[in-house]
Amino acid sequence: MEDKIDKLIHEYKLYYCVECGKCVAACPMNVIYDDFTYGFSSRGIIRKVILEQDVVDGEDIWNCLNCKLCEEVCPAGVKFSDFIKDAREKAIAEGHSENAAHCDRCGTYYLPVRTVSAYKHMLDKNHRPEEFTNLCPKCKLDSSAEHMKLDVFKR
Ligand code: SF4
Ligand code: SF4
């Protein structure tokens, strides 16, 4: 039976990569992370996956911000951001969830720990409260609605 990762490689067209490097040039991880390396860049991960290295149990797949800029510039139609999302789901299903942030309220996985840290850092730099970075999108909406209701009742 075909392994799930093989299905993802085909589904998201990783085999079409022509190693042009446009995705790495466009990637914001380059700017955001001081320790950015080829190893966890889109190209680096695609290469490992095609060489049949197991990326699901490592840390590399937990750095991407899922901004899809790489997909927009890719001349070969590789869907790297979508691949990464599914690879993370697979990692969590296999018990590798140490790099996954789970919602403080409902416990659902919502983002990589590293992405949450990057958001917190940005919010802090802009003097914004970071209270919502620990909730999944649904709980964030619920929490906002609760705050609004409380504000209305206070009037
Ligand atoms: S832009 Fe597309 S084809 Fe070029 S290296 Fe990145 S994934 Fe491969
Ligand atoms: S989706 Fe991930 S790999 Fe692609 S440009 Fe954004 S951060 Fe980089």
Side-chain angles (χ1 to χ4, degrees), residues 1-126 128 130 132-143:
M1 198 173 82
E2 194 181 25
D3 181 70
K4 171 120 193 257
I5 204 82
D6 289 331
K7 278 191 194 153
L8 298 182
I9 291 170
H10 285 103
E11 187 173 350
Y12 299 123
K13 303 180 179 167
L14 269 56
Y15 280 126
Y16 291 5
C17 175
V18 292
E19 300 193 52
C20 66
K22 287 186 176 181
C23 53
V24 182
C27 180
M29 288 197 288
N30 238 324
V31 179
I32 289 173
Y33 300 142
D34 291 340
D35 62 347
F36 179 79
T37 63
Y38 176 80
F40 67 74
S41 70
S42 44
R43 255 181 95 188
I45 291 179
I46 291 168
R47 187 174 170 78
K48 283 181 198 165
V49 172
I50 288 175
L51 292 175
E52 297 186 356
Q53 292 175 21
D54 189 0
V55 294
V56 166
D57 67 354
E59 292 188 357
D60 290 342
I61 60 169
W62 296 96
N63 294 287
C64 165
L65 302 154
N66 290 117
C67 66
K68 286 184 175 274
L69 280 171
C70 52
E71 296 185 6
E72 286 172 27
V73 298
C74 179
V78 175
K79 301 286 179 200
F80 181 75
S81 180
D82 292 339
F83 165 78
I84 281 289
K85 273 192 194 164
D86 277 7
R88 287 174 185 156
E89 296 291 343
K90 178 171 161 56
I92 292 168
E94 290 182 5
H96 307 295
S97 59
E98 56 280 7
N99 295 300
H102 292 82
C103 176
D104 276 358
R105 195 184 260 216
C106 70
T108 307
Y109 159 67
Y110 65 108
L111 280 175
V113 169
R114 192 153 204 205
T115 308
V116 174
S117 299
Y119 285 156
K120 282 184 176 168
H121 181 67
M122 275 187 265
L123 289 167
D124 195 39
K125 255 176 52 186
N126 292 304
R128 299 260 170 83
E130 60 177 51
F132 287 137
T133 50
N134 295 337
L135 300 178
C136 71
K138 182 183 176 305
C139 289
K140 224 178 288 179
L141 276 177
D142 291 349
S143 178

Is the closest basic N to carboxylate O distance between [X] and [Y] below 4.0 Å?
X: K68; Y: D82; value: yes
X: D86; Y: K90; value: no
X: R114; Y: D35; value: yes

Does the side-chain hydrogen bond (donor to acceptor under 3.5 Å, both in side chains) test come out yes or no for N134 and K140, once each step is laid out? CA-CA 9 Å; N134 295 337; K140 224 178 288 179; over 6 Å; no

What's the spacing between [X] [atom1] and [Y] [atom2] if we round to 0.5 Å?
X: E52; Y: I5; atom1: CD; atom2: CD1; result: 11.5 Å
X: K4; Y: E94; atom1: NZ; atom2: CD; result: 9.0 Å
X: M122; Y: T133; atom1: CE; atom2: OG1; result: 11.0 Å

What are the two closest heavy atoms between [X] and [Y], and how far apart are they?
X: K22; Y: P75; result: CD-CD, 4.3 Å
X: N66; Y: K85; result: ND2-CG, 3.6 Å
X: C17; Y: I46; result: CB-CG2, 4.0 Å
X: M29; Y: L65; result: CG-CD1, 4.2 Å
X: E71; Y: S81; result: OE2-N, 2.9 Å
X: Y110; Y: P137; result: CB-CD, 4.1 Å

Got a sec: does the CD of Q53 have more than 12 other heavy atoms crowding it under 6.0 Å?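 Yes, the 6.0 Å shell around CD holds more than 12 heavy atoms from other groups.
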
Taking the six-membered ring for Trp, is the centroid-to-centroid distance between Y15 and H10 below 6.0 Å? yes

Let me know which of C70, P112, C64 forms a side-chain contact (heavy atoms from CB on, under 4.5 Å) with I84.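 Answer to the side-chain contact (heavy atoms from CB on, under 4.5 Å) test with I84 among C70, P112, C64: C64.
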
Member of N99, T37, I45 meeting the side-chain contact (heavy atoms from CB on, under 4.5 Å) criterion with D60: I45

Under the side chain to side chain contact (heavy atoms under 4.5 Å, CB included) criterion, do H102 and C136 qualify, and how do the steps go? CA-CA 8 Å; H102 292 82; C136 71; over 6 Å; no

Report yes or no: does D57 contribute a side-chain atom to a donor-acceptor pair with the main-chain N or O of A91 at less than 3.5 Å?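 Looks like no, no N/O pair under 3.5 Å.
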
Checking the side chain of S97 only, and the main-chain atoms of A100 only, is there a donor and an acceptor separated by less than 3.5 Å?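 Looks like no, no N/O pair under 3.5 Å.
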
Any non-hydrogen side-chain atom of Y33 less than 4.5 Å from a side-chain atom of F40?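 The answer is yes, as the side chains (C-beta and beyond) meet within the 4.5 Å cut-off.
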
Given side chains that start at C-beta, do those of C23 and R43 come closer than 4.5 Å, heavy atoms only?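 Yes, close enough: below the 4.5 Å cut-off.
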
Hey, mind stepping through S42 and V24 against side chain to side chain contact (heavy atoms under 4.5 Å, CB included) and telling me if it holds? CA-CA 7 Å; S42 44; V24 182; 4.0 Å; yes

Check the angle between the aromatic planes of F83 and F80 and answer parallel, tilted or perpendicular using the 30° and 60° thresholds.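 F83 and F80: tilted rings.
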
